Amino acid sequence: MGVNGKIEVAIMKIVVIGGSGLIGSRLVSKLREQGHEAIAASPKSGVNTITGEGLAEALKGASVVVDVTNSPSWEDAAVLTFFETSTRNQLAYEAAAGVKHHVALSVVGTERLLASGFFRAKMAQENLIKASSIPYTIIRATQFFEFVKGIADFATEGNKVRLPTALIQPMAADDVATAVGRIATGAPVNGMVEVGGPEKFRLDELARKYLAANKDPREVVADPKARYYGVEVSERTLVPDDDARLGETRFETWLTQPAAKAAAGTH
Ligand SMILES: NC(=O)c1ccc[n+]([C@@H]2O[C@H](COP(=O)([O-])OP(=O)(O)OC[C@H]3O[C@@H](n4cnc5c(N)ncnc54)[C@H](OP(=O)(O)O)[C@@H]3O)[C@@H](O)[C@H]2O)c1
């Protein structure tokens, strides 16, 4: 406690790699509101984790680096090269700069989704972090509400959206950013933390609710044999463990918020 009974926060320099993205931009705002020196680093601001451009300068004096990048291409070989190269470069520059905590955002169920090249790349990213000398926390989040449109679009054939009935426990990007911010300003776990949404849905049910709210005429068909992004999923493939930290925002509430209009491209 400081003067006037206020909690004092130790101000840190926190570099958010991917700071212009969906999660990164929200995270940078939240950290700055708390008084931290948050740097939004990405190619748009001259920091590139593939070429190394701008990394040494951005990391000077930083205590924490948060990796919320994503690969521009999800093609199998391209996405693997992206996450391996980007992670290796970040960790090497962090070691040189004396960074004390590397935080990375990954996906719940990654080890159950390795039939997908994207998840093999996320697993490679996680393994590089675990093997490095930098104290770390890997945050595995469930699918963002903002991503539900992408799930429906990928599963669309003509006017039908064909999805399995497996469970999904999605969360708002804003709640992901809040959770990442809490972890980034805390001590490294040197392990994994799971975050998820407050409710479980069936994949087909979730897509149906999203399309109905957006007056989208596509019909959602529940097909137990359908795949999730090309991967066979069972009941709990996408669901976090019981000890996951849960976001507060419910899907029905989010659907009425500006973030949902922005995700649908109708704002
Ligand atoms: N979608 C989901 O439901 C979900 C669920 C769980 C976890 N995740 C994970 O969450 C992470 C963030 O996702 P997001 O949706 O927030 O990403 P996003 O909006 O696509 O943003 C990607 C960010 O990566 C940056 N970037 C791209 N290439 C870079 C490079 N060479 N060097 C530095 N930065 C680079 C981009 O910078 P520019 O803008 O400058 O190009 C942008 O800031 C991903 O790793 C993803 O796997 C996603």
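Atoms within each ligand, like the ligands themselves, are counted from 1 in listed order. The shown structure was predicted, so the numbers you read here are calculated from the model rather than taken from an experiment.
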Parallel, tilted or perpendicular: ring planes of F83 versus F118, cut at 30 and 60 degrees: perpendicular
Which pairs would a plain distance check flag for residues 160-174, meaning a side-chain donor or acceptor within less than 3.5 Å of a matching protein atom at least two apart in sequence or in another chain?
unit_1 : atom_1 : unit_2 : atom_2 : d
Q169   : NE2    : G197   : O      : 2.9
D174   : OD1    : K30    : NZ     : 3.3
D174   : OD2    : K30    : NZ     : 3.2

Between ligand 1 and [X], is the shortest N or O to N or O distance under 3.5 Å?
{"X": "F83", "result": "no"}
{"X": "I23", "result": "yes"}
{"X": "T142", "result": "no"}
{"X": "P72", "result": "no"}
{"X": "A41", "result": "no"}

Fill in: Cation-pi, Y210 ring and K149 (6.0 angstrom, 45 degrees)
no
Considering the heavy atoms of [X], write down every atom of ligand 1 situated less than 4.0 Å from one of them.
{"X": "I50", "result": "31 (N)"}
{"X": "F118", "result": "47 (O)"}
{"X": "L105", "result": "10 (O), 11 (C), 45 (O)"}
{"X": "V47", "result": "32 (N), 33 (C)"}
{"X": "G18", "result": "23 (C), 24 (O), 25 (C), 43 (O)"}

Closest non-hydrogen protein atom to [atom], residue and atom name please, with distance?
{"atom": "atom 28 (N) of ligand 1", "value": "F82 CE1, 3.5 Å"}
{"atom": "atom 24 (O) of ligand 1", "value": "N70 N, 3.2 Å"}
{"atom": "atom 31 (N) of ligand 1", "value": "N48 OD1, 2.9 Å"}
{"atom": "atom 14 (P) of ligand 1", "value": "L22 CB, 4.1 Å"}
{"atom": "atom 21 (O) of ligand 1", "value": "G21 CA, 3.4 Å"}

Which option wins on minimum heavy-atom distance to [atom]: [options]?
{"atom": "atom 42 (C) of ligand 1", "options": "A173, S20, S45", "answer": "S20"}
{"atom": "atom 47 (O) of ligand 1", "options": "R140, Q143, M171, K122", "answer": "K122"}
{"atom": "atom 45 (O) of ligand 1", "options": "T69, D67, V68", "answer": "T69"}
{"atom": "atom 35 (C) of ligand 1", "options": "S42, S106, P43", "answer": "P43"}

Do we see a donor-acceptor contact under 3.5 Å between the side chains of E33 and S29? no
Does the side chain of T137 pick up a donor-acceptor pair with the side chain of H101 at under 3.5 Å? yes
>> Quick check against the 3.5 Å criterion: does T185 have a side-chain atom that pairs as donor or acceptor with the backbone of R182?
In response: yes
Can a donor-acceptor pair be found, under 3.5 Å and without considering hydrogens, that links the side chain of T81 to the backbone of A77? yes
- Lys/Arg-Asp/Glu bridge criterion (N-O < 4.0 Å) met for D175, R26: no
Original post:
Do N89 and T85 come within less than 4.5 Å of each other through their side chains, counting heavy atoms only?
Top reply: yes
**Asked** Can you list the steps and then say if L238 with L203 is a side-chain contact (heavy atoms from CB on, under 4.5 Å)?
**Response** CA-CA 10 Å; L238 303 175; L203 261 169; 4.1 Å; yes
Residues passing the salt bridge (charged side-chain N to carboxylate O under 4.0 Å, His left out) test with E235, sequence neighbours excluded, are R202
Under 4.0 Å between heavy atoms, the region of F144 that gets near ligand 1 turns out to be both
Next item on the list: For this output row, return yes or no: ring centroids of F201 and F251 closer than 6.0 angstrom.
Entry: yes
